[in-house]
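To start, the structure itself, in structure tokens.
Index from 1, following the sequence. Note that the structure is predicted; figures quoted are calculated from it, not measured. Quick note: numbers below take in every heavy atom, side chains included, and nothing from hydrogens, waters or symmetry partners.
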Amino acid sequence: MRVLLVGAGGVGTAITRIAARRPFFEAMVVADYDLARAEAAVAALGGDARFLAERVDASDEAAVTTLLERHACDVLLNATDPRFVMPLFQSARTAGATYVDMAMSLSHPHPERPYEECGVKLGDAQFEQAADWEKAGALALVGMGVEPGLSDVFARYAADELFDEIEELGVRDGANLTVDGYDFAPSFSIWTTIEECLNPPVVYEDARGWFTTEPFSEPEVFDFPEGIGPVECVNVEHEEVLLMPRWVDARRVTFKYGLGEEFISTLKTLHLLGLDRTEPVTVPSADGPVRVSPRDVVAACLPDPATLGDRMHGKTCAGTWVRGAKDGKPREVYLYHVVDNQWSMKEYGSQAVVWQTAVNPVVALELLAGGVWSGAGVLGPEAFPARPFLDLLTEYGSPWGMREQ
């Protein structure tokens, strides 16, 4: 397997550190708009000849296609933010490469009823091309991070091995992470966080299909394992709700994120001031008027999440709560994966949230390389057998857990 990894930020760099310990691939080209960042990711691997750095603009389909072909890469792994999903997705198809991402194509709210009906849903642009990928015998594995990704694998595992009927699949994400020296320092890309949290959340019900609610709706307190404890979680737009119903039978699917009152208040203020907007505005500068995106300015003003590991303390938990029946009896479980920041920093030099995101696409690549996972079309993690993934994740030194509720 020869891999083109596009994006050498926190998650991309963590991917290289995890992959470097595994023998399943022949080469990994690490490409970024900032060549120095790609070079730094490669240099940190101590001379592993399988890795090399390149510069590429992720929005330039032709340049990415050329890079895939020049290095004879048969897989494109997208570690950029969701703005670049579609050009990278198209580049992989043009070059005949397998495509893997951790977030899907962007949504657009319904123009008249944003908090009741879906407009363009997450992943719609990719699923519109599913038939073409399938006809070509090509695979796009979409949403293969931690959430979406591992949470979807948990849903498949629950359906296959734990339940006869599933009433609800509820992804629940929470943490007790703190960052020394910062009152507000998101542990993941603020660009993506704003996109997820301020868009109308999507809920799925089998009798109704997909529909939307107000941001931060249906608050509930969820008790997270391994010492994290109770965290208030709210509805947030996320890919799992759009993926799980396509392959797993469940009467209801939700995604709730433990944000906290202060975080929610900050996001609401950014929205009130228009600082969540992606459309450029004109601002004065020493060199004359320039066009900038308010959201990009917010991101530039905050610390890079990848640099916060030394200041961060605590654990992060991603998981899927499942309610249903087995052998005619009610059952409720929480399948989860916890990463301690102290462990991930000591073991890999990557903070917990980005490491937890990064490990899952590497596990998936290894399963694809060995032929354990295979398929054609635009497929989510639920479309593949779960047990091999969970076993290999444990082999990577990061076991998952299950709690009967």
Side-chain angles (χ1 to χ4, degrees), residues 4-14 16 29-44 52-68 70 76 78-91 101-103 105-109 125 179 181-199 263 265-311 351 354:
L4 173 61
L5 168 64
V6 184
V11 173
T13 297
T16 64
V29 180
V30 184
D32 196 278
Y33 187 80
D34 181 351
L35 178 59
R37 192 159 69 163
E39 290 174 335
V42 171
L52 62 120
E54 289 275 11
R55 184 195 177 278
V56 77
D57 180 347
S59 67
D60 187 337
E61 289 182 31
V64 175
T65 301
T66 298
L67 198 57
L68 281 163
R70 178 153 56 88
L76 189 160
N78 176 4
T80 65
D81 73 53
R83 287 175 290 182
F84 303 107
V85 163
M86 289 312 296
L88 293 174
F89 180 79
Q90 302 286 12
S91 296
D101 66 26
M102 291 164 273
S105 60
L106 292 170
S107 65
H108 300 284
V179 182
Y182 291 98
D183 293 326
F184 185 76
S187 57
F188 202 70
S189 162
I190 187 61
W191 201 101
T192 303
T193 301
I194 289 172
E195 184 73 19
E196 292 175 349
C197 295
L198 292 179
N199 276 352
F263 201 101
S265 177
T266 300
L267 291 174
K268 287 180 175 179
T269 300
L270 291 174
H271 179 64
L272 182 68
L273 297 175
L275 294 175
D276 61 323
R277 291 167 51 194
T278 58
E279 302 82 5
V281 297
T282 302
V283 298
S285 78
D287 298 319
V290 294
R291 298 274 289 168
V292 296
S293 157
R295 192 185 299 185
D296 287 343
V297 173
V298 172
C301 289
L302 291 170
D304 180 349
T307 67
L308 296 176
D310 291 332
R311 295 170 174 259
Q351 57 103 319
V354 298

Which heavy-atom pair separates [X] from [Y] by the least distance, and what is that distance?
| X | Y | result |
| --- | --- | --- |
| Leu67 | Ala31 | CD2-CB, 3.9 Å |
| Glu61 | Pro87 | CG-O, 3.5 Å |
| Gly7 | Ala79 | O-CB, 3.8 Å |
| Pro82 | Thr192 | CD-OG1, 3.6 Å |
| Ala41 | Val30 | CB-CG1, 4.4 Å |
| Val85 | Ala103 | CG2-O, 3.4 Å |

Tell me, please, which residues at least two apart from Arg83 pass salt bridge (charged side-chain N to carboxylate O under 4.0 Å, His left out).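 Testing Arg83 for salt bridge (charged side-chain N to carboxylate O under 4.0 Å, His left out), a comparison that skips the adjacent residues, returns Asp81, Asp296.
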A side-chain contact here means heavy atoms from C-beta on lying under 4.5 Å apart; do [X] and [Y] qualify?
| X | Y | answer |
| --- | --- | --- |
| Thr66 | Val56 | no |
| Tyr182 | Leu308 | yes |
| Leu302 | Phe184 | yes |
| Leu88 | Thr80 | yes |
| Asn199 | Ser107 | yes |

Within a 6.0 Å radius of atom OH on Tyr33, are there more than 12 heavy atoms belonging to other residues, nucleotides or ligands?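 Open.
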Rounded to the nearest 0.5 Å, how far apart are [atom1] of [X] and [atom2] of [Y]?
| X | Y | atom1 | atom2 | value |
| --- | --- | --- | --- | --- |
| Leu198 | Leu267 | CG | CG | 5.5 Å |
| Ile194 | Leu275 | CD1 | CG | 8.0 Å |
| Leu270 | Ile190 | CG | CD1 | 6.5 Å |

Ignoring hydrogens and angles, tell me if any N or O in the side chain of [X] forms a donor-acceptor pair with the backbone of [Y] under 3.5 Å.
| X | Y | value |
| --- | --- | --- |
| Arg295 | Trp191 | yes |
| Asp32 | Ala8 | yes |
| Glu54 | Val29 | no |

Listing request: all salt bridge (charged side-chain N to carboxylate O under 4.0 Å, His left out) pairs with a residue in residues 265-281, at least two apart in sequence or in separate chains.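 For residues 265-281, and leaving out neighbouring residues, the salt bridge (charged side-chain N to carboxylate O under 4.0 Å, His left out) pairs sorted by first residue read Arg277-Glu279.
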Checking side-chain contact (heavy atoms from CB on, under 4.5 Å) for the pair Phe263/Thr193: CA distance, chi angles, key distance, verdict? CA-CA 11 Å; Phe263 201 101; Thr193 301; 3.7 Å; yes
